[in-house]
Amino acid sequence: MATRKTPAPAAAEPEPATCPTCKGSGEVSRTVRVGRKRRTVGRQTGLCLTCLGSGEAPTN
């Protein structure tokens with residue numbers, strides 16, 4: 001009588017590293033300033049230019 005072997009689990013792909021600039025969110029916040037005295041009126045979010053919004057660290 002032969003014993004059955006269970007197949008070995010497939011090797012999981014390593015998780016990509018998160019972007020150091022946006023910390024994986026894909027967005028960055030910048031302070032919005034207006035007027036001649038450049039007073040702060042709030043914050044504005046935008047696309048991370050390092051990872052282009054993917055949240056993953058660039059490979060090169």
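What's counted below: heavy atoms across the whole structure, side chains too, no hydrogens, waters or symmetry copies. Treat the numbers as computed from the prediction; the structure is a model and nothing was measured.
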With no hydrogens and no angle check, just 3.5 Å: does a side-chain donor-acceptor pair link Thr31 and Arg43?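 Yes, Arg43 and Thr31 have a side-chain donor paired with an acceptor closer than 3.5 Å.
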
Which atoms form the tightest heavy-atom contact between [X] and [Y], and what is the distance?
| X | Y | result |
| --- | --- | --- |
| Val28 | Cys22 | CG1-CB, 4.0 Å |
| Cys48 | Cys19 | SG-SG, 3.9 Å |
| Thr18 | Lys23 | CB-C, 4.4 Å |

Are side-chain heavy atoms of Glu27 and Leu47 found at a separation under 4.5 Å?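 Not in contact.
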
If you apply the rule side-chain contact (heavy atoms from CB on, under 4.5 Å), what do you find for Val41 with Arg33, and how did you get there? CA-CA 6 Å; Val41 293; Arg33 300 169 189 240; over 6 Å; no

